[in-house]
Number of protein chains: 2
Amino acid sequence: MRVTERKSDQTRARILEAALRLFRQRGFEQATMRAIAKEAHVALGAAYYYFDSKDAIVMAFYELAQTELAPLLEDGLANTRDLRERLTAVITAKFDYFEPNRKLLGTLSSHIDPQHPLSPFSQATKAIRETDISFIHRAIEGSTTKVPADLKPYLARLLWLYQMGLILFWVYDHSPKQRKTTQLSEKSLASVVGLIKLSALPLMRPLRKLLTDLFDVIYEDHSPTMQSRS
Amino acid sequence: MRVTERKSDQTRARILEAALRLFRQRGFEQATMRAIAKEAHVALGAAYYYFDSKDAIVMAFYELAQTELAPLLEDGLANTRDLRERLTAVITAKFDYFEPNRKLLGTLSSHIDPQHPLSPFSQATKAIRETDISFIHRAIEGSTTKVPADLKPYLARLLWLYQMGLILFWVYDHSPKQRKTTQLSEKSLASVVGLIKLSALPLMRPLRKLLTDLFDVIYEDHSPTMQSRS
DNA sequence: GTCTATATGGAGATAGAC
DNA sequence: GTCTATCTCCATATAGAC
């Protein structure tokens, strides 16, 4: 029996799909585990057999999204070497992919707290986050734009944060077809790329330093360090 | 009987205090209405007599905070005319005041969604928000720093957002005594004020335009407008 | 008007039979 | 693996005493 055909995998997938369907229709809180189980034609206990908790379903959604998104991001990066266009491709791919689940992402954005497992900044989502950042990294690396050496180690994370901000705005953007987000993306992206190019001027070194210093403070590790005695 | 002595006001206050105490001790979700009622030495029903819901208690906390914060902010603005110092005073006053409830603010920051009543961006908290912004406005107006005319209508809201960002960071800052936030505030505040002064150069006009344009997109009203025919 | 006692209904989660 | 039956806990509602 091939692994991909295992009945349990199908059931699991069915439950996940049912959950996503309900999340979309009625939102996260309204979609109770009972309703999800019913929608998937399994008993409540079965749903809990496959997913430890309701949050675990969300985690599975994150992982599924990353898997499905990867090739789309690949495609986006294949077509151009212009930095602005590359970043646009990455962001647009995400908007397109998440469009059906925009409202779900909305209620999930409640979890800003890095301590909460479902937060995009949490330990639990670290692998997903790092993969995501690596796409931004590649968008930069494969472009024709030259990035100053002192800025290089920071830029991908910086742009990732920027892009998370756009997504957050998008999630709560109630304008028709999220037109405001489109405008905001276009205008701000042009500025951002403009600033990156400007920042390459030798004159701008102090400003770059300022920025990277701020970033160092934010990411600085304050947790009690292990005494290593090699 | 003086209004301030009404027994019901005392009971109400006692419930609010009990709630805040529990919120601080165990966090928002763990502090159940039952526990709050017990802590306040009233029956569960009494708590609901004074507050329509658990969220209503939080709203009362917001309002209390604003009332108690106002004179502290006044003081902060009375001592200096330097813009950086004035902004620092406002932000520091808030950090100091909210220190005991930092974790509570943390769980409340879940409500980023402007649709949620408890969100700092919601309709329900608009009055509080506007008062808060007016303090930033006064910090700017009473300072010696000259603000370009085209930037003026935007600056208070812009700095308010910036300051909300700092508070958000502070709320999740687990470094000892929130030292990271202190560093971040100091460094970024100096830059911000520096940028404001720089932005006054005639040369910088296009950059100001860029910024205000972005801001217009964000705040632009997309809701169906009433046909007014006066 | 103020408050107690009790009820409702639904949530996430689990134990244990099949 | 999958089910049924059940647990526990909660926010909230209400009837009616004082």
Side-chain angles (χ1 to χ4, degrees), chain A residues 1-23 25-61 104 107-108 110-111 116-118 124, chain B residues 1-23 25-62 104 107-108 110-111 113 116-118 124:
Chain A
M1 198 202 287
R2 293 223 315 276
V3 176
T4 51
E5 277 179 15
R6 286 231 315 271
K7 192 180 170 216
S8 67
D9 284 350
Q10 286 176 25
T11 312
R12 192 188 145 92
R14 205 170 64 229
I15 295 171
L16 180 54
E17 282 159 23
L20 289 179
R21 219 174 306 136
L22 289 184
F23 287 163
Q25 285 169 20
R26 4 183 149 167
F28 180 71
E29 277 104 28
Q30 304 329 315
T32 67
M33 285 299 275
R34 280 164 179 76
I36 292 169
K38 183 175 275 184
E39 174 87 9
H41 302 291
V42 296
L44 178 59
Y48 275 103
Y49 175 77
Y50 285 101
F51 297 96
D52 286 345
S53 67
K54 202 173 166 184
D55 281 0
I57 298 185
V58 175
M59 207 52 157
F61 162 62
L104 171 59
T107 65
L108 293 183
S110 341
H111 308 115
H116 192 293
L118 294 185
Chain B
M1 200 203 284
R2 293 221 315 276
V3 176
T4 51
E5 278 177 13
R6 286 233 315 270
K7 190 175 172 221
S8 67
D9 285 348
Q10 285 177 26
T11 312
R12 192 189 146 93
R14 204 169 66 230
I15 295 170
L16 180 55
E17 282 158 24
L20 290 178
R21 220 174 305 138
L22 289 184
F23 287 162
Q25 285 170 20
R26 3 183 149 168
F28 180 70
E29 277 102 28
Q30 306 328 318
T32 68
M33 285 298 275
R34 279 167 179 72
I36 292 169
K38 181 175 276 183
E39 174 87 9
H41 302 292
V42 295
L44 178 59
Y48 275 99
Y49 175 76
Y50 286 100
F51 297 96
D52 286 345
S53 67
K54 202 174 165 182
D55 281 0
I57 297 183
V58 175
M59 205 52 154
F61 163 62
Y62 285 171
L104 171 60
T107 64
L108 293 184
S110 343
H111 308 116
D113 187 350
H116 193 292
L118 293 186

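Each chain gets a letter, A, B and so on, in the order the sequences are listed, and its residues count up from 1. Here the structure is a predicted model, which is why all the values come from computation and not from measurement.
Of the candidate nucleotides D:dT12, C:dT4, C:dG12, D:dT12 has the atom lying nearest to any side-chain atom of B:Met33. For A:Arg34, the listed nucleotide lying nearest its side chain is D:dT6; candidates were D:dT12, C:dC3, D:dT6. Taking every side-chain heavy atom of A:Ala43 into account, D:dT4 is the closest of D:dT4, D:dG1, D:dT12. The B:Leu44 side chain lies nearest to D:dT12 when the options are D:dT12, C:dT2, C:dA13. Of the candidates C:dA13, D:dT12, C:dC3, D:dT12 carries the atom nearest the B:Lys54 side chain, counting heavy atoms from C-beta on. In this structure, the nucleotide among C:dG12, D:dA11, C:dA13 sitting nearest to the side chain of A:Thr32 is C:dG12.
Rounded to a whole Å, the CG atom of B:Asp9 is 13 Å from the C1' atom of C:dT2. In this structure, B:Ile36 places its CD1 atom 13 Å from C1' of D:dT12, rounding to the nearest Å. A straight line from CD of A:Gln30 to C1' of C:dG10 spans 12 Å, rounded to a whole angstrom. A:Lys38 places its NZ atom 11 Å from the P atom of C:dA11, with the value rounded to the nearest Å. Atom NE2 in B:His41 sits roughly 16 Å away from atom C1' in C:dT4 (whole-Å rounding). Between B:Tyr50 atom OH and C:dG1 atom P the separation is 10 Å, expressed in whole Å. Summarising the geometry, the separation between CZ on A:Phe51 and P on C:dT14 is reported as 16 Å, rounded to the nearest angstrom. Whole-Å rounding puts the A:Tyr48 OH to D:dG1 P distance at 20 Å.
Ring pair B:His116/B:His111 is parallel by interplanar angle, where below 30° counts as parallel and above 60° as perpendicular.
Between B:Ser8 and C:dG1, a side-chain N or O to OP1/OP2 separation shorter than 4.0 Å is absent. Taking 4.0 angstrom as the limit, B:Tyr49 places none of its side-chain polar atoms (N or O) nearer than this to OP1 or OP2 of C:dT4.
The shortest non-hydrogen separation linking A:Phe51 to A:Ala60 is CE2-CB, 3.8 Å.
A donor-acceptor distance shorter than 3.5 angstrom exists from the side chain of B:Arg14 to the backbone of B:Ala40, with no hydrogens or angles considered.
No more than 12 heavy-atom neighbours from other residues, nucleotides or ligands sit within 6.0 angstrom of NZ on A:Lys38. At most 12 non-hydrogen atoms from other residues, nucleotides or ligands lie less than 6.0 angstrom from CG of A:Asp52.
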